Amino acid sequence: MKKELFDLSDQNILLTGATGYLGFSMLEVLLDFGAHVFVNTRSKKKYNNTIKNIDTKFKNKVSPAIFDLNDYKKVKLFFKNDIQFHTIINNAFNCKTSNFENFNEDEYSKTFKLGLTSVAHLNSCALRSLKKGSANIGSASIINIASMYGIVSPNPKNYNFKGDNNPPHYGSMKAALIQYTKYASVNLAKYGIRVNSISPGAFPNSSTRKNRKFITKLKKNIPLNRIGHPNDIKTSVLYLSSKNSSYITGTNLVVDGGWTVW
């Protein structure tokens with residue numbers, strides 16, 4: 001398949017959570033296919049550290065987007081610059097592990113604000129920029145990074161050790177994000193703006209992968225018998241960002257090695 005098929009050289013893309021485990025992998029593939037990526041993070045230090053890790057040839061294809069997604073004034077201010085955007089990728093999240101029986105109102109509130117409410121706010125602020133992007137190349141895209149746990153419940157038997165429990169507010173928030181994706185897709189279609197979500201399966205970070213017993217448990221749930229690697233998410237992000245997915249909207253692309261088919 002020719003690289004030109006997924007050419008993103010005419011695109012400005014905003015990527016939130018770009019300095020994270022999966023976010024950096026997304027950044028790499030977007031740059032590799034020619035996009036100009038605005039890297040969102042709350043910390044200029046994190047931005048600079050991320051830039052150090054990308055190929056030198058891509059340095060001029062990256063711009064900072066330093067603001068807290070929960071600071072609505074700063075989000076609005078960023079989009080007042082009237083930059084034309086073609087794709088927005090909502091990947092940021094922050095969620096502490098907890099046990100189902102230990103209800104924490106503050107953690108529910110924080111998780112839903114960053115993972116859902118602030119996503120909806122950013123998309124609203126970006127609407128004018130996305131309309132321009134759609135008019136420019138014939139299509140624009142919003143990609144919300146959800147989770148397989150927005151579809152199915154975690155098996156408590158997989159998380160029966162301290163520090164690695166999958167909290168109920170995480171899956172509940174991701175389920176809401178998948179529904180929001182559908183709602184947004186039917187309302188933004190008239191502008192040529194597509195809205196889709198991607199639901200990764202088991203993509204444990206490097207620290208968690210050291211827990212071999214836990215990884216073995218996870219693999220037993222996966223028909224392909226392996227956990228996900230950051231590279232496994234690249235093609236999904238690339239496809240939904242490209243104009244070749246211009247007839248796809250309102251869908252949730254599950255990248256889970258088959259976990260949710262059981």
Side-chain angles (χ1 to χ4, degrees), residues 15-30 32 46 49-50 53 89-104 107-108 110-112 114-116 143-179 181 196-240 251-262:
L15 173 61
T16 73
T19 63
Y21 178 60
L22 292 182
F24 186 74
S25 183
M26 297 177 196
L27 175 60
E28 286 182 317
V29 72
L30 296 172
D32 192 36
K46 279 190 175 182
N49 287 338
T50 298
N53 292 320
I89 303 173
N90 293 300
N91 175 57
F93 91 96
N94 185 21
C95 183
K96 292 183 179 180
T97 59
S98 67
N99 188 284
F100 179 81
E101 297 178 14
N102 298 326
F103 174 75
N104 186 313
E107 287 304 317
Y108 269 85
K110 287 180 179 178
T111 299
F112 270 83
L114 180 60
L116 180 65
I143 304 171
N144 299 319
I145 306 302
S147 168
M148 70 173 180
Y149 285 154
I151 306 169
V152 297
S153 172
N155 184 342
K157 293 180 180 179
N158 290 333
Y159 299 91
N160 59 356
F161 51 94
K162 188 176 180 180
D164 283 285
N165 291 317
N166 199 286
H169 42 272
Y170 174 76
S172 300
M173 176 270 290
K174 292 299 188 181
L177 184 61
I178 293 169
Q179 173 57 27
T181 297
N196 296 287
S197 58
I198 298 174
S199 286
F203 281 79
N205 59 32
S206 55
S207 177
T208 304
R209 288 202 305 270
K210 294 177 182 178
N211 187 334
R212 299 312 305 168
K213 288 184 179 180
F214 179 52
I215 298 303
T216 298
K217 281 186 178 182
L218 290 183
K219 289 168 65 175
K220 289 180 180 178
N221 296 271
I222 306 170
L224 290 181
N225 196 38
R226 69 175 179 87
I227 57 173
H229 184 276
N231 286 339
D232 292 320
I233 206 76
K234 285 184 174 181
T235 50
S236 299
V237 170
L238 175 63
Y239 177 55
L240 290 178
T251 193
N252 178 44
L253 178 55
V254 184
V255 186
D256 68 350
W259 184 307
T260 55
V261 303
W262 293 116

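Atom set for the values below is all heavy atoms of this structure, side chains included, hydrogens, waters and symmetry mates excluded. Only a predicted model underlies this, so the values are computations on that prediction, with no experimental measurement involved.
- When all heavy atoms of K174 and S147 are compared, the closest pair comes out as CG-CB, 3.7 Å.
- Ring orientation note: the planes of Y159 and Y149 are nearly perpendicular, at an angle over 60° on the 30°/60° scale.
- When all heavy atoms of A92 and G17 are compared, the closest pair comes out as CB-N, 3.8 Å.
- Counting only N and O atoms by type, the side chains of N196 and T251 include no donor and acceptor under 3.5 Å apart.
- At a threshold of 4.5 Å between non-hydrogen side-chain atoms, the residues I89 and L30 count as touching.
- Atoms OG and OH, on S172 and Y108 in that order, are 5.5 Å from each other to the nearest 0.5 Å.
- Applying the salt bridge (charged side-chain N to carboxylate O under 4.0 Å, His left out) rule to pairs touching residues 222-237 yields E28-K234, R226-D232, sequence neighbours excluded.
- P200 and I233 make their closest contact through CG-CD1, 3.8 Å (heavy atoms, listed as atom of the first residue, atom of the second, distance).
- With K217 contributing its side chain and K157 its backbone, the two residues share a donor-acceptor pair below 3.5 Å.
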For this session: Output, in order, the C-alpha distance, side-chain angles, deciding distance and verdict of side chain to side chain contact (heavy atoms under 4.5 Å, CB included) for I215 and K219.
Result: CA-CA 6 Å; I215 298 303; K219 289 168 65 175; 3.9 Å; yes
Exercise. Given N205 and T208, is the side chain to side chain donor-acceptor pair (under 3.5 Å) satisfied, shown in steps?
Worked result: CA-CA 5 Å; N205 59 32; T208 304; 3.0 Å; yes
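- Under the side chain to side chain contact (heavy atoms under 4.5 Å, CB included) test applied with N252, the options T181, L177, I151, I198 reduce to a single match, I151.
- For the atom pair CG of N158 and NZ of K220, the computed distance is 9.5 Å after rounding to the nearest 0.5 Å.
- Across all their heavy atoms, L22 and F203 have their closest contact at CD2-CD2, 3.7 Å.
- For the residue pair A175 and G150, the shortest heavy atom distance occurs at CB-O, 3.4 Å.
- Here CD1 of I227 is found 12.5 Å from CG of N221. Values are rounded to the nearest 0.5 Å.
- With respect to M26, the side chain to side chain contact (heavy atoms under 4.5 Å, CB included) criterion is satisfied by exactly one of L238, I143, I145: I145.
- Applying the ring pair (Phe, Tyr, Trp, His ring centres under 6.0 Å) rule to F93 yields the partners Y170; only residues at least two apart in sequence or on another chain are considered.
- Residues W259 and A202 share a closest heavy-atom pair of CZ3-CB, 4.1 Å.
- Counting heavy atoms from C-beta outward, P168 and F103 have side chains that stay 4.5 Å or more apart.
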For this session: Show your reasoning for whether side chain to side chain contact (heavy atoms under 4.5 Å, CB included) applies to N49 and T19.
Result: CA-CA 9 Å; N49 287 338; T19 63; over 6 Å; no
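- Annotation: the span from T260 atom OG1 to I222 atom CD1 amounts to 11.0 Å, rounded to 0.5 Å.
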